[in-house]
Amino acid sequence: MAANNQPTHDQFHALILRHRDLIERLCMRRAAGDYHRCAELRQNCYISIWRHAASLRPDATPLQETLWVVWQCRSVFSRLRFLRRSLLFVPLDDTLADSLAAPDESSLRDYIDTLADILTPHERQALQLMADGYNPDDMARELGIKPHSAIQLRYRIKVKLRNHFKK
């Protein structure tokens with residue numbers, strides 16, 4: 001690659017030409033034969049290869065170079081799969097904001113109390129602090145524990161509630 005570890009356009013083009021068929025096969029397999037999806041994946045692979053080209057060793061053997069290209073493509077596929085699974089947030093517009101009613105504080109407290117029935121008194125107190133918006137450092141000060149313990153406590157409470165209410 002170039003002296004500043006960023007590839008020149010000619011080096012990048014040569015790298016893509018050497019591995020074009022491999023990238024195409026990987027993308028077509030991932031796209032399950034959908035040409036447009038394959039073209040999108042291929043473009044994302046090229047972008048990833050360009051962005052991370054500095055991490056490719058200049059003295060890499062052809063096999064190492066091929067494995068590096070495969071790694072970049074698989075990273076793209078993994079990232080896109082993660083983004084597809086993540087929640088997509090829609091900004092509130094005036095009509096949507098009017099249709100969503102904010103729960104009043106008393107009904108929210110009642111709901112938290114019903115959730116807390118399965119928790120120990122210490123966990124209930126921590127859940128109440130979480131509901132009040134305390135961060136782990138503030139929770140630790142209130143409960144008289146270390147901040148790392150507060151983080152673990154929050155995690156255990158969430159897991160306990162998820163496992164109980166998932167049934």
Side-chain angles (χ1 to χ4, degrees), residues 1-103 108 111-112 115 127 130-140 147-167:
M1 298 291 150
N4 64 357
N5 265 351
Q6 189 61 20
T8 64
H9 291 284
D10 293 335
Q11 291 168 327
F12 172 73
H13 186 68
L15 178 67
I16 294 300
L17 283 178
R18 284 194 299 274
H19 299 288
R20 179 178 46 198
D21 294 338
L22 172 66
I23 295 169
E24 182 72 23
R25 278 194 314 273
L26 291 170
C27 293
M28 189 56 80
R29 187 178 309 142
R30 179 62 62 171
D34 181 357
Y35 173 77
H36 296 291
R37 178 77 175 134
C38 177
E40 179 184 334
L41 289 172
R42 184 176 53 243
Q43 187 67 29
N44 285 328
C45 288
Y46 290 166
I47 291 169
S48 178
I49 289 169
W50 174 259
R51 285 186 177 161
H52 298 97
S55 68
L56 178 61
R57 293 184 3 208
D59 61 339
T61 65
L63 178 61
Q64 289 172 332
E65 188 179 271
T66 301
L67 292 174
W68 182 86
V69 168
V70 170
W71 179 264
Q72 292 305 316
C73 292
R74 290 186 65 187
S75 294
V76 166
F77 303 153
S78 176
R79 176 79 179 143
L80 291 174
R81 186 172 45 246
F82 171 77
L83 290 174
R84 194 171 348 126
R85 280 192 229 151
S86 67
L87 296 175
L88 299 176
F89 294 101
V90 178
L92 292 178
D93 61 356
D94 292 336
T95 57
L96 187 58
D98 292 340
S99 66
L100 295 175
L108 189 58
Y111 182 66
I112 291 173
L115 289 176
L127 179 64
M130 290 166 58
D132 290 339
Y134 282 68
N135 65 28
D137 293 331
D138 296 336
M139 280 179 59
H148 183 71
S149 299
I151 292 170
Q152 289 179 329
L153 180 61
R154 286 169 52 120
Y155 176 78
R156 283 196 311 269
I157 290 169
K158 290 175 188 176
V159 167
K160 194 174 198 179
L161 291 172
R162 279 186 192 133
N163 290 339
H164 184 299
F165 289 101
K166 194 187 292 186
K167 298 173 184 172

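Computation of the quantities below employed the complete heavy-atom set of this structure, encompassing side-chain atoms and omitting hydrogens, waters and symmetry-equivalent molecules. Keep in mind the model is a prediction, meaning the values are calculated, not measured.
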- Query: Within the side chain of N135, is there an N or O that forms a donor-acceptor pair under 3.5 Å with the backbone of D137?
  - Reply: yes
- Message: Please confirm whether the ring centroid of H9 lies under 6.0 Å from the ring centroid of W50.
- Response: yes
- Side chains of E24 and R20 in contact at under 4.5 Å (non-hydrogen atoms): no
- Message: Between S48 and N44 (side chain of the first, backbone of the second, donor and acceptor by atom type, cut-off under 3.5 Å), is there such a pair?
- Response: no
- Item | Flag side-chain contact, heavy atom, 4.5 Å: C38 against C27 | yes
- Query: Does any non-hydrogen side-chain atom of D21 lie less than 4.5 Å from one of R25?
  - Reply: yes
- Message: Could you check whether any side-chain N or O of S78 sits under 3.5 Å from a backbone N or O of R74, counting only pairs where one atom can act as donor and the other as acceptor?
- Response: no
- Message: If you define the side chain from C-beta out and look only at heavy atoms, does anything of H52 sit under 4.5 Å from W68?
- Response: yes
- When you look at L153 and R156, which way does the side-chain contact (heavy atoms from CB on, under 4.5 Å) test go after all the steps? CA-CA 5 Å; L153 180 61; R156 283 196 311 269; 3.6 Å; yes
- Side chains of E65 and H19: closer than 4.5 Å at any heavy-atom pair? yes
- Heavy-atom side-chain proximity of D10 to H13 below 4.5 angstrom: no
- Message: Determine whether I23 and I16 satisfy the following criterion, side-chain contact (heavy atoms from CB on, under 4.5 Å), listing intermediate values before the conclusion.
- Response: CA-CA 9 Å; I23 295 169; I16 294 300; 4.2 Å; yes
- Task: Tell me, with the steps shown, if L26 and V69 meet side-chain contact (heavy atoms from CB on, under 4.5 Å).
- Result: CA-CA 10 Å; L26 291 170; V69 168; 5.7 Å; no
